[in-house]
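This report refers to the structure that appears directly beneath it.
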Amino acid sequence: LVVEGAGDVIDLDGTAHAWRAGDVVVLPKGWSGRWDVQRPIRKVWAVVSHEEVLSAEASARAVTMRAEDFAPSRLSPDGPREADWGAAACSSKELWEFGPMEIGAWACTPGGFRVANRPTTEMFVVLEGSGFLTDLDGTARRFGPGSTVVLPKGWSGRWDVLEAVRKLYVVVAEAPGKVGAPEPLPQAERLMGA
């Protein structure tokens, strides 16, 4: 997620993909090229290691998704969660998917609901709204615009959305048929207010 700045990412064949504050830039595994930064950049990023192999054509192209692609009006209703307070009506949109990784946007109206044994690891950045994430041991953490959160596979707890929330997420699933220890959490770096 580009927090501020503007520029282009340039594929090896010279194709330019413009980006600006609020956009999402995906550099697929195997991508090569360059960043041309016209205005200083601050960003939040995730690096996901996986064994999936993209075709030469798919890995040759950067993908840029404009902020308007994940505006609330562009998300599809998921319906309400089983909330113990409020409506917790959710909507979402998948922006990019390959192998064990999915990037998307999610929104939820105020409400509280439980999550039991997450099947995937998720890293997300809150774009708007606020609330609390509470672990099973009762430890609550407040989130709001700019918060970067990682929920590991197997996480259980609850969401309490106080103000309608919208987030960008990266979800990483275990590769099909893979047995053994789970992959490490995606690396997430927060460069906000540094």
Side-chain angles (χ1 to χ4, degrees), residues 1-76 78 91-107 119-128 145-153 165-178 182-194:
L1 170 65
V2 178
V3 176
E4 67 181 41
D8 298 286
V9 286
I10 314 290
D11 299 330
L12 285 180
D13 69 1
T15 303
H17 307 273
W19 52 266
R20 62 181 191 247
D23 291 349
V24 172
V25 177
V26 177
L27 303 177
K29 182 177 180 179
W31 180 83
S32 291
R34 74 176 194 269
W35 286 77
D36 284 347
V37 178
Q38 282 108 32
R39 287 198 316 258
I41 183 174
R42 284 189 317 139
K43 63 184 178 175
V44 177
W45 75 92
V47 176
V48 179
S49 295
H50 60 82
E51 296 175 11
E52 300 287 330
V53 177
L54 287 163
S55 69
E57 181 180 331
S59 66
R61 298 265 176 252
V63 178
T64 304
M65 291 154 279
R66 298 305 226 174
E68 52 270 19
D69 293 338
F70 42 88
S73 62
R74 305 286 292 272
L75 306 182
S76 300
D78 296 336
S91 56
S92 63
K93 179 179 181 179
E94 182 180 287
L95 301 171
W96 193 80
E97 182 270 331
F98 180 77
M101 185 176 69
E102 175 186 321
I103 299 171
W106 179 85
T120 58
T121 295
E122 177 181 11
M123 178 265 209
F124 64 86
V125 177
V126 178
L127 300 175
E128 59 190 30
S147 295
T148 301
V149 179
V150 175
L151 296 176
K153 179 180 177 180
V165 69
R166 188 166 54 102
K167 67 179 183 174
L168 286 175
Y169 65 82
V170 176
V171 169
V172 181
E174 189 172 302
K178 187 166 186 170
E183 290 291 315
L185 294 176
Q187 298 171 12
E189 183 74 22
R190 184 172 177 206
L191 298 177
M192 309 282 285

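Values below: every heavy atom of this structure, side chains too, minus hydrogens, waters and symmetry copies. A quick note: this is a predicted structure, and the numbers were derived from the prediction, not measured.
- Here the shortest heavy-atom pairing between V9 and L27 reads CG1-CD2, 4.4 Å.
- Residues satisfying the side-chain contact (heavy atoms from CB on, under 4.5 Å) test with R39, not counting sequence neighbours, are A6.
- Scored by the side chain to side chain donor-acceptor pair (under 3.5 Å) test, E57 finds no partners at all (sequence neighbours excluded).
- The closest side-chain heavy-atom distance from V24 to R66 is not below 4.5 Å.
- Scanning all heavy atoms of the two residues, the minimum distance from P28 to S59 falls at CB-CA, 4.2 Å.
- Inter-residue side-chain proximity for I10 and D36 is flagged as met; some heavy-atom pair is nearer than 4.5 Å.
- Looking at heavy atoms from C-beta onward, V2 lies in side-chain contact with V25 at the 4.5 angstrom threshold.
- Contact detail for M65 and L95: the closest heavy-atom pair is SD-CB, 3.2 Å.
- Put simply, the side chain of K167 never gets that close to the backbone of L127: no donor and acceptor are under 3.5 Å apart.
- In terms of the ring pair (Phe, Tyr, Trp, His ring centres under 6.0 Å) criterion, F70 has no residue partners (sequence neighbours excluded).
- Salt-bridge check for D13 with R61: passed, with a basic side-chain N closer than 4.0 Å to an acidic carboxylate O.
- Put simply, the side chain of W35 reaches to within 4.5 Å of the side chain of I41, judged on heavy atoms.
- Shown here for V170 and A46, the closest heavy-atom pair between the two residues is CG2-CB, 4.4 Å.
- Here the side chain of D11 pairs no donor or acceptor atom with the backbone of A16 at under 3.5 angstrom.
- For the atom pair NZ of K93 and CG of D69, the computed distance is 5.0 Å after rounding to the nearest 0.5 Å.
- Inter-residue side-chain proximity for S32 and L12 is flagged as met; some heavy-atom pair is nearer than 4.5 Å.
- No side-chain heavy atom of R166 sits less than 4.5 Å from a side-chain heavy atom of V126.
- Considering every non-hydrogen atom in both K153 and T121, the closest pair reads N-OG1, 3.2 Å.
- Side-chain contact between V171 and F124 is absent, with no heavy-atom pair separated by less than 4.5 Å.
- Not counting sequence neighbours, W96 has no partner by the ring pair (Phe, Tyr, Trp, His ring centres under 6.0 Å) test.
- Among residues two or more places apart in sequence or in another chain, the ring pair (Phe, Tyr, Trp, His ring centres under 6.0 Å) test is passed with W31 by none.
- No side-chain donor-acceptor contact under 3.5 Å links D78 and S91.
- In this structure, the side chain of D23 engages the main chain of A67 through a donor-acceptor pair within 3.5 Å.
- The heavy-atom pair separating M123 from W45 by the smallest distance is CE-O, 3.7 Å.
- Residues that satisfy the side-chain contact (heavy atoms from CB on, under 4.5 Å) test with E94, not counting sequence neighbours, are E97, E102.
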query = Given the rule in the side-chain contact (heavy atoms from CB on, under 4.5 Å) test, do V165 and E128 qualify, once you have shown the distances and angles that lead to the verdict?
reply = CA-CA 5 Å; V165 69; E128 59 190 30; over 6 Å; no
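- Atom-to-atom distance recorded for E68:CD and S73:OG is 10.0 Å, nearest 0.5 angstrom.
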